[in-house]
Novice: 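Below are the structure tokens for one structure; questions will follow.
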Amino acid sequence: MCASRTTPARPQPMPNMNVRVRFAPSPTGYLHIGGARTALFNWLYARHTGGKFILRVEDTDAARNTQEAVDVILNGLRWLGLDWDEGPITSDATGPCKGDRGPYYQSQRKELYRRRVEALLSHGLAYEADGAVKFRMTREPVVIDDLVVGRVVRPLTDREELDPDFVIVRSDGEPVFHLVNVIDDLEMGITHVIRGEDHLSNTAKHIALFRAFGVEPPHYAHIPLILNPDGSKMSKRDQGASMTYYMEGGYAPEAVVNYLSLLGWSSKDNQEIFQIAQVVERFDLPQILRHNARFDHEKLNWLNFEHLRKLEGDRFNELTVHALNKAGYETAKYDLAYVKAAVGTAREKLKKLTDAPGYIGFYFRESVEIDPAEAPKLQAPENEARLHRLRQAYAAAPQFDAATLESLLKGLATELGLKAGPLVHPLRVTLTGKSSGPSLYHLMEVLGRERVLNRIDAVLATFRR
RNA sequence: GACCCUAUCGUCCAGCGGUUUAGGACACCGCCCUUUCACGGCGGUAACACGGGUUCGAAUCCCGUUAGGGUCGCCA
């Protein structure tokens, strides 16, 4: 267990410096995109105000909460770049953590809950019924002054009218969500609860609980939900509901974070493309919209492209090489400079990182695999002589750089009374196997004279059968 | 069913009583540029859910209807 909770709160230097927000996921084995956005908004608010972002794992359901499930969440948040100031460091509930308000796993806080329940019991604010412990809920409508939604008055529903009290400890002794959530927020000194709107109705219970513990509740900000493109609610099974879809689908974290920021929040000045630091600077709770938003994959794709092309060279190289390796291309077998130059020709061209293997994989295969759709065109009789002339010109090229290669090709085209196209197309297919790809002249420069001549020879050989 | 939230182009946002022939972005459709594929440039189609009020004047305020979402668990 990490640091004790008895450490007194430190004095707050500035009025706005004491914001404490948290993301409190339940490890179910996957991180929902909506949960990721909730985490992002909390993180943004903490960073904007100079407050603390806390990660707390709500692993009360021992049966389905595994360490692997926690890792999914930790990895998802890390991938997005949402670092937490307090919370677990590993997926081991009894392992190390940072922060002095731990433990940050609910499974490690049972004693705390037990004491709080006893206090409630002894004050007559809770009572036992059928082996469970129930909380004596207020019968009055509860007013919620929500930072996003505004003032909401929640009266009892007709069902609650019958019995407003609700279970806080099950008959098996396990405390329920409403209870532990409130106790933890209280103990951890959470000042703002930023969460999905699906919790808005529950908030009445939470406020009543806070008051029963003798404290005023934190500020609440209920953010709208993310819906499917067709407007239905996004559930586990839906495409793109899980963070892994983006992590493995060729998206840059920068783009996903940017897109998520724009769902339900706006800087009001029509800017769409943001670096995360710019969002941190402008983000605030009052600008959050009140209505749900549909997830638009096309727009995310566009943002992904925009971010990919703006990525700093090394970062682009890192992400692209990773995508190539994942697809089975062993870039490590090649010169670092060659790899960098090769990847460089895909710069500003990739829509998704997962397009990299198909786009520049030819650099990392010793023999070219001709696209079956292009093979017949390449076999056109006139191509033999053209490729032969091209080979001669390139074998004798004084320098093997893009500009020289281009002028040699164009010179040859003029000589043969052709436009560049009839030479460019077969040559591209010969060298890469495909009809489209990086700039032909630059790709040849990267490939180098030896590979270019070899690849031309390989195709020429198919003409002489 | 009860209660709560919401409602501007297909989608995401701007608009917060008059400066609006409702603006931007994605997507879509033309044209241009071009060594492929892209990018880019120019132009275009496209919305205030409906009905009542309030007001000299409403996308903007109020009420209702409709629609969508959420909550009513010994799930979280």
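Each chain gets a letter, A, B and so on, in the order the sequences are listed, and its residues count up from 1. Side chains included, hydrogens not; waters and symmetry mates left out as well; all remaining heavy atoms used.
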Novice: Between B:C72, B:C39, B:C4, which nucleotide gets closest to the side-chain atoms of A:Pro155?
Specialist: B:C4
Novice: State which of B:U11, B:A76, B:A14 makes the closest approach to the side chain of A:Arg294.
Specialist: B:U11
Novice: Could you check if the base of B:C39 is syn or anti? Syn means the glycosidic torsion is within 90 degrees of 0.
Specialist: syn
Novice: In whole Å, what is the span from the CG atom of A:Asp198 to the C1' atom of B:C4?
Specialist: 13 Å
Novice: Distance check, C1' atoms only: B:A67 and B:C50, in whole angstrom units.
Specialist: 10 Å
Novice: Using nucleotides 62-67 of chain B, report all nitrogen or oxygen pairs with the protein that are shorter than 3.5 Å.
Specialist:
none

Novice: Would you measure the distance from the P atom in B:A22 across to the matching atom in B:A58 and give it in whole Å?
Specialist: 15 Å
Novice: Quantified in whole Å, what is the P atom distance between nucleotide B:U8 and nucleotide B:A2?
Specialist: 25 Å
Novice: Hey, can you tell me if A:Phe283 and A:Trp265 have their rings parallel, tilted or perpendicular (30° and 60° cut-offs)?
Specialist: tilted
Novice: As a test of reading the structure: which of B:A38, B:C13, B:G70 is closest to the side chain of A:His291, going by heavy atoms?
Specialist: B:C13
Novice: With nearest nucleotide decided by heavy atoms, which residue, A:Tyr441 or A:His199, maps closer to the 5′ end of RNA chain B?
Specialist: A:Tyr441
Novice: Rounded to the nearest Å, what distance is computed from the NE2 atom of residue A:His178 to the P atom of nucleotide B:G73?
Specialist: 9 Å
Novice: For A:Arg37 and A:Leu263, indicate whether the former's side chain and the latter's backbone hold a donor-acceptor pair under 3.5 Å.
Specialist: yes
Novice: Quote, to the nearest angstrom, the C1' distance that separates B:A46 from B:A27.
Specialist: 12 Å
Novice: Are A:Phe177 and A:His199 near enough that their ring centres are under 6.0 Å apart?
Specialist: yes
Novice: From C-beta outward on A:Glu298, which listed nucleotide comes closest to its side chain: B:A27, B:G24, B:C5?
Specialist: B:A27
Novice: At what distance, to the nearest 0.5 angstrom, does CZ of A:Arg195 lie from NE2 of A:His206?
Specialist: 5.0 Å
Novice: For the side chain of A:Val152, starting at C-beta, report the closest nucleotide among B:G69, B:C4, B:A76.
Specialist: B:C4
Novice: Have a look at A:Leu289 and say if it touches a base, only the backbone sugar-phosphate, or nothing, with a 4.0 Å heavy-atom cut-off.
Specialist: sugar-phosphate
Novice: Examine B:G69: is either OP1 or OP2 under 4.0 Å from a nitrogen or oxygen in the side chain of A:Arg290? Give yes or no.
Specialist: no
Novice: Just the rounded figure in Å: distance from P of B:G23 to CG of A:Asp269.
Specialist: 18 Å
Novice: How many Å lie between CD1 on A:Ile223 and P on B:C5, as a whole number?
Specialist: 18 Å
Novice: Over all strands shown, is A:Asn292 touching base, sugar-phosphate only, or nothing at heavy-atom distances under 4.0 angstrom?
Specialist: sugar-phosphate
Novice: With P as the reference atom in both, quote the distance from B:A47 to B:U34 in angstrom, rounded to an integer.
Specialist: 36 Å
Novice: Can you check whether A:Lys268 has a side-chain N or O nearer than 4.0 Å to OP1 or OP2 of B:G24?
Specialist: no
Novice: Could you check whether A:Asp355 pairs with A:Lys349 (Lys NZ or Arg NE/NH1/NH2 to Asp/Glu carboxylate O, under 4.0 Å)?
Specialist: no
Novice: Could you give the CG-to-C1' distance, from A:Leu263 to B:C13, as a whole number of Å?
Specialist: 10 Å
Novice: Which residues within residues 426-435 of chain A lie with some heavy atom under 4.0 Å of an atom in RNA chain B?
Specialist: A:Arg428, A:Ser435
Novice: Given the P atoms of B:U60 and B:G53, what is the spacing between them in whole Å?
Specialist: 15 Å
Novice: CZ of A:Arg170 versus P of B:G73: gap in Å, rounded?
Specialist: 15 Å
Novice: Please check if atom NE2 in A:His178 has more than 12 non-hydrogen atoms from other residues, nucleotides or ligands closer than 6.0 Å.
Specialist: yes
Novice: Over all strands shown, is A:Leu440 touching base, sugar-phosphate only, or nothing at heavy-atom distances under 4.0 angstrom?
Specialist: base
Novice: Nearest to the side chain of A:Tyr359, which nucleotide is it out of B:C37, B:A25, B:G69?
Specialist: B:C37
Novice: When you measure from the side chain of A:Arg154, which nucleotide among B:U36, B:U6, B:U71 comes out closest?
Specialist: B:U71
Novice: Quick test of your reading of the model: are A:Glu174 and A:Lys110 salt-bridged, counting only N-O distances below 4.0 Å?
Specialist: yes
Novice: When you get a sec, tell me which of B:U11, B:A25, B:C5 is the closest nucleotide to the side chain of A:Asp296?
Specialist: B:U11
Novice: Rounded to the nearest Å, what distance is computed from the NZ atom of residue A:Lys233 to the P atom of nucleotide B:G69?
Specialist: 9 Å
Novice: In the structure shown, which nucleotide is the Watson-Crick or G-U wobble counterpart of B:G43, with both distances under 3.5 Å?
Specialist: B:C29
Novice: If you measure from the Lys or Arg side-chain nitrogens to the Asp or Glu carboxylate oxygens, is any gap between A:Asp130 and A:Arg170 under 4.0 Å?
Specialist: no
Novice: Flag the pair A:Glu58 / A:Asn181 as yes when at least one side-chain heavy-atom distance between them is below 4.5 Å, and no otherwise.
Specialist: yes
Novice: Give a yes or no on whether a salt bridge exists between A:Arg115 and A:Glu118, defined as a side-chain N under 4.0 angstrom from a carboxylate O.
Specialist: no
Novice: Closer than 4.0 Å, any side-chain N/O of A:Thr157 to the OP1 or OP2 of B:G1?
Specialist: no
Novice: Look at the side-chain N and O atoms of A:Arg151 and state whether any lies under 4.0 Å from the OP1 or OP2 oxygen of B:C4.
Specialist: no
Novice: Considering every strand and a 4.0 Å limit on heavy-atom distances, what is the contact class for A:Glu58: base, sugar-phosphate, or nothing?
Specialist: sugar-phosphate
Novice: Quick check with a 6.0 Å cut-off and a 45 degree axis cone: is A:Arg449 positioned over the face of A:Tyr394's six-membered ring?
Specialist: no
Novice: Measure CD/A:Glu374 against P/B:U36 and give the value in whole Å, please.
Specialist: 14 Å
Novice: To the nearest 0.5 Å, tell me how far A:Leu44 CG sits from A:Asp284 CG.
Specialist: 10.5 Å
Novice: Nearest to the side chain of A:Ala293, which nucleotide is it out of B:C37, B:C12, B:G69?
Specialist: B:C12
